[in-house]
Enquirer: 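Following this message is one structure expressed as structure tokens.
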Amino acid sequence: MSVERYNHRVTEPKWQSAWDEAKVYETSNKDDRPGYYVLEMFPYPSGRIHMGHVRNYTMGDVVARYKRAKGFNVLHPMGWDAFGMPAENAAMKNKVHPKEWTYQNIATMRGQLKTLGFSLDWSREFATCDVEYYAQQQRLFLDMLDEGLVTRKNARVNWDPVDMTVLANEQVIDGCGWRSGAPVEQRDLTQWFFKITDYAEDLLTALDSLDRWPEKVRTMQANWIGKSRGLQMSFELCEPIGEFTGLEIYTTRPDTLAGASFMAIAPEHPLALELAKTNEELTQFATEVRRSGTSEEALEKAEKLGFDTGLRVKNPVREGETLPVFVANFILMDYGTGAIFGCPAHDQRDHDFATKYNLPITATFVPADFAGDADEFVADEPHVPTKTEKVHYINQPAGVEHATGAEGIEATINWAEAKTLGKGQVQYRLRDWGISRQRYWGCPIPIIHCDSCGVVPEARENLPVVLPEDIDFEKPGNPLDHHPNWKQTPCPKCGDAARRETDTMDTFVDSSWYFARFTAPRENTPTDSKAANDWLPVDQYIGGIEHAILHLLYSRYFSRAMSATGHMKVSEPFAGLFTQGMVVHETYKGPDGFMAPVEVKVEEQDGKRTATLLADGSDLEIGSIEKMSKSKRNVVDPDDIIDSYGADTARWFMLSDSPPERDVIWTEAGVEGANRFVQRVWRLIAGAAPVLKDCTRAVGEAGDALTVSKAAHKTAMLVAEDVEKLAFNKAVARIYELVNTLAKPFDSVTNGCASKDLQSSCAQAADFLSLIVSPMMPHLAEECWTILGNDTMAAVEAWPTHDAGLVTEDTVMLPVQVNGKKRAELLISKDAAKDEIEKEALALDAVVPYLNGGLAKKVIVVPNRIVNVVV
RNA sequence: GCCCUCUUGGUGAAAUUGGUAAACACAGCGGACUUAAAAUCCGUAGCCUUCGGGCUUGCCGGUUCAAGUCCGGCAGAGGGCACCA
């Protein structure tokens with residue numbers, strides 16, 4: 001009897017509507033079951049879903065469906081990170097309104113997500129560009145302002161003088177604006193900042209509590225925060241310049257202080273600016289440095305340049321000596337104090353600089369194993385000290401004695417503190433988060449500038465500050481700024497005519513709290529704090545590693561800020577984090593550049609793969625395997641795959657083979673293999689279903705029936721364990737094993753030659769199998785579940801409970817090694833005593849010859865594992 | 001330059017965390033069914049071998065009864081950060 005092929009084109013839409021109608025994925029905040037919040041990073045509505053989304057959301061969906069089956073009230077929402085530059089670019093290029101473009105894309109992508117059968121609660125959907133969402137974000141901003149979490153200060157931006165607009169770093173190409181091609185200028189603008197640096201220490205130390213985060217992400221965040229301890233001290237100027245009597249520096253290596261041979265300050269350092277007022281050459285030098293500073297390549301290749309100011313400072317270590325002060329291109333104003341002392345003996349960069357400008361090189365220590373007279377040690381190459389290295393210090397100020405770098409650092413700090421030259425200081429690399437963007441398509445900052453009252457927050461009753469829709473992208477500059485009347489508004493304080501802030505917020509703000517909003521998305525305040533506290537932290541967050549730093553750090557900061565402003569009481573937003581690998585595909589290159597996989601035919605002969613162009617049969621080069629991207633044209637459209645093979649096949653392929661944290665290579669053969677398995681499961685169950693649907697479900701008593709039951713129960717247990725660990729590829733392998741085991745017994749059921757015992761064990765196994773594959777292939781699972789005679793939906797069924805007695809064996813096959821090499825196997829009762837195992841192992845035919853009639857020197861018995869006989 | 005990760009058959013990988021290396025799949029090869037093909041099913045498969053065995057997890061060394069797994073060194077690949085003091 002043959003079974004009709006499984007037709008995904010009919011089955012998948014059928015079950016999608018059935019789930020929708022029964023609202024099986026809508027989650028209530030009032031539910032007695034324990035809650036479980038699984039979230040995947042929400043997409044930017046760029047136009048179409050790509051394979052990376054499919055992988056990300058499939059993993060999340062498996063977890064959501066599995067947890068639902070395990071009795072949790074699962075929250076699994078979806079939304080749109082919908083503000084951002086691409087919408088404005090599309091507006092300028094295609095003359096389409098950013099709002100229209102965005103909502104159109106959302107509609108397309110929502111439709112695509114629905115065809116994948118994800119168990120999402122669409123009733124909670126929102127886009128960050130919805131007025132209802134950004135209205136609450138404006139409220140949050142004002143609350144944070146009240147709480148002292150927001151500040152306003154100057155920051156430098158890339159300015160396009162032709163388009164009269166601020167450019168993001170990615171819009172600056174070779175130092176020129178991407179549209180106008182005009183050389184980019186640097187401008188200082190007053191901007192809004194969240195004072196994330198106030199939380200630097202907390203954000204750093206709390207990383208230790210995130211034990212379900214990848215180590216890699218925690219390390220990256222720790223490095224980004226960049227805590228260091230060093231010495232901040234002042235070098236006295238020989239002659240004061242205006243108000244400047246000394247030069248404040250910061251160093252993490254105070255133990256090299258004695259080797260200082262010059263001072264260097266940033267071109268933007270106040271002292272440099274002061275000097276530049278009367279020094280044309282210095283002004284020119286600073287301009288020059290700034291110009292070459294725009295392009296990254298130029299920066300990397302730029303050699304160390306300095307400008308000797310002629311000023312000198314007193315050397316605090318050796319009285320009477322002085323050091324020259326340079327303005328140098330490699331000193332950053334943003335870090336530390338914008339000034340350093342240079343120690344060429346122990347720093348590569350300082351060494352390069354000193355060599356170029358003929359400055360003295362004084363070692364402050366020699367390697368501990370240096371044999372000669374320490375004073376004769378010549379530092380040809382800078383020796384960069386490590387903190388644990390044992391060294392002989394030389395040329396040190398009196399009283400500073402130590403054996404290792406770490407001790408040297410503390411000793412020098414103590415010395416400097418005692419002489420009141422400076423003090424020990426902790427520095428963070430982390431900078432405050434500038435959120436002002438001079439763009440239209442973002443959340444307006446609810447601030448008003450009044451000529452008499454200054455900077456005034458918009459009154460809460462006047463919120464939301466809504467983006468105007470009648471805007472003009474033809475004129476250069478920010479549309480909000482040149483809108484005819486939008487910015488005109490009365491001052492909330494004095495009522496006089498005033499102007500709105502025309503800057504909008506960084507889109508990272510939108511994504512820093514959306515996970516909290518999902519817990520009560522229609523609330524008239526940013527959160528319903530009870531709902532937020534009940535659901536948060538997110539139990540499992542899944543997304544790409546590219547968000548390891550900014551998005552995740554900002555979200556962690558926002559949770560703290562929202563706790564401080566009373567919107568919730570959760571400081572860490574994501575208890576579990578998983579970063580999945582990319583979807584990659586090989587590339588095909590012809591004379592006209594890259595070719596898309598759909599245009600290419602790949603053949604294999606004698607292990608050699610060749611690619612030809614379908615259109616004309618011309619030869620193509622099979623290139624490297626790369627992340628799917630438009631530029632490499634190696635993109636496979638999920639829609640095409642769903643159409644040809646179905647969503648279940650795409651989902652199954654995404655979960656098979658590659659561990660989820662690693663990149664997965666998309667191959668035609670792999671997809672076909674996945675589809676074969678879909679069909680195989682269908683044939684297995686549909687073939688036997690006419691017999692099985694009316695059978696009682698029972699555990700087999702003996703023989704094949706018992707084997708079937710054992711396999712089904714064991715798989716239910718093991719797949720559960722694997723899914724808990726997000727080891728989807730292992731779960732998939734176990735399901736293959738189960739299906740392999742079931743093949744023959746199901747054949748005999750189908751052919752009508754199975755015993756009653758076998759029939760009922762197969763009936764139960766078929767139920768089990770349907771429910772086990774349900775998180776991964778939900779449509780196929782429903783269809784199987786139904787034809788097996790069940791009248792519920794698999795999507796709401798509990799995970800099959802395994803019988804503990806069936807998953808453990810009475811006997812074990814122990815490998816028996818002699819001197820670490822396997823020589824035999826021993827079948828023995830599971831709880832056999834150690835000495836019994838030893839006795840039986842030594843009596844084995846394959847072991848006896850190695851004993852040469854004598855005794856074993858030693859026998860290691862590890863119960864249920866191995867026996868090793870040492871002779 | 002600093003920090004992190006990875007390296008197992010032709011390929012993607014697995015290995016109960018120190019206990020039988022290569023489960024499962026893809027590609028391959030042989031066969032069955034078919035006029036033929038597709039689909040399906042069965043079998044086979046790390047390398048060498050004098051058929052007794054021997055060797056094998058990037059390379060070298062160490063610890064251990066036992067190492068893919070732990071330690072030290074080296075090489076290669078990938079990622080993050082950075083003129084960051």
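Below, chains carry the letters A, B, ... as their sequence lines are ordered, and counting in each starts from 1. On a predicted model such as this, the values are computed, not experimentally measured, just so you know.
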Enquirer: Touch check for A/N819, heavy atoms < 4.0 angstrom, all strands: base, sugar-phosphate only, or nothing?
Expert: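 It contacts nothing in the nucleic acid.
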
Enquirer: Under 4.0 angstrom, heavy atoms only, what part of the nucleic acid is A/V862 near: base, sugar-phosphate, or nothing?
Expert: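 Base, at least one base atom sits under 4.0 Å.
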
Enquirer: How is A/R734 classified with respect to the nucleic acid when contacts are heavy atoms under 4.0 Å: base, sugar-phosphate, or nothing?
Expert: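 Touches nothing.
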
Enquirer: Expressed as a whole number of angstroms, how long is the span from A/N223:CG to B/C81:P?
Expert: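 Interatomic distance, CG of A/N223 to P of B/C81: 10 Å.
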
Enquirer: Reckon A/S656 touches a base, only the sugar-phosphate, or nothing at all at heavy-atom distances under 4.0 Å?
Expert: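 Answer is nothing: A/S656 stays at 4.0 Å or more from every strand.
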
Enquirer: Counting any heavy atom closer than 4.0 Å, what does A/E672 reach on the DNA or RNA strands: base, sugar-phosphate only, or nothing?
Expert: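 Since no nucleic acid heavy atom lies under 4.0 Å of A/E672, the category is nothing.
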
Enquirer: Describe the nucleic acid contact of A/I331 in one word from base, sugar-phosphate, nothing, applying a heavy-atom distance below 4.0 Å.
Expert: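 Base contact.
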
Enquirer: Hey, does A/R218 reach any base, or is it just sugar-phosphate, or nothing, if we go heavy atoms under 4.0 Å?
Expert: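 No contact at all - A/R218 keeps every heavy atom at 4.0 Å or more from the nucleic acid.
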
Enquirer: What does A/K744 touch in the nucleic acid at a heavy-atom separation under 4.0 angstrom: a base, only the sugar-phosphate, or nothing?
Expert: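 Answer is nothing: A/K744 stays at 4.0 Å or more from every strand.
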
Enquirer: So A/N729, base contact, sugar-phosphate only, or nothing? Heavy-atom distance under 4.0 Å.
Expert: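 Here A/N729 touches the backbone only, sparing every base.
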
Enquirer: With heavy atoms under 4.0 Å as the rule, sort A/R5 into base, sugar-phosphate or nothing.
Expert: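 Nothing, no nucleic acid heavy atom in range.
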
Enquirer: Determine which bases of RNA chain B form Watson-Crick or G-U wobble pairs with both distances under 3.5 Å, and write the result as a 5' to 3' dot-bracket string with | for other-strand partners.
Expert: (((((((..(((......[....))).(((((.......))))).(((....)))..(((((..]....))))))))))))....

Enquirer: Expressed in angstrom and rounded to an integer, what is the separation of A/I340 atom CD1 from B/A85 atom P?
Expert: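 So the two atoms are 10 Å apart, to the nearest Å.
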
Enquirer: Testing A/Y645, A/F677, A/F728 for ring pair (Phe, Tyr, Trp, His ring centres under 6.0 Å) with A/W652, which one passes?
Expert: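 Of the listed residues A/Y645, A/F677, A/F728, the ring pair (Phe, Tyr, Trp, His ring centres under 6.0 Å) partner of A/W652 is A/F677.
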
Enquirer: For A/K857, which contact category applies under a 4.0 Å heavy-atom criterion: base, sugar-phosphate, or nothing?
Expert: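 If one applies the 4.0 Å heavy-atom cut-off, A/K857 turns out to touch nothing in the nucleic acid.
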
Enquirer: Would the A/F353 and A/F262 ring centres measure less than 6.0 Å apart?
Expert: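 Here the rings of A/F262 and A/F353 have centres that are less than 6.0 Å from each other.
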
Enquirer: Between B/C81 and B/C26, how far apart are the P atoms? Round to whole Å, please.
Expert: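 It comes out at 39 Å once rounded to the nearest Å.
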
Enquirer: Using heavy-atom distances to pick each residue's nearest nucleotide on RNA chain B, tell me which of A/P659 and A/I549 is more 5'.
Expert: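 Of the two residues, A/P659 wins.
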
Enquirer: Pick the C1' atom in B/G9 and in B/C47, then give their distance to the nearest Å.
Expert: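 Here B/G9 and B/C47 have their C1' atoms 9 Å from each other.
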
Enquirer: Can you check whether A/I249 reaches A/M263 side chain to side chain, under 4.5 Å on heavy atoms?
Expert: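 Yes, their side chains come closer than 4.5 Å.
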
Enquirer: For A/E215, which contact category applies under a 4.0 Å heavy-atom criterion: base, sugar-phosphate, or nothing?
Expert: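 Since no nucleic acid heavy atom lies under 4.0 Å of A/E215, the category is nothing.
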
Enquirer: I'd like the C1' distance from B/G18 over to B/U64, given in whole Å.
Expert: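 The same atom, C1', in both gives a distance of 9 Å.
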
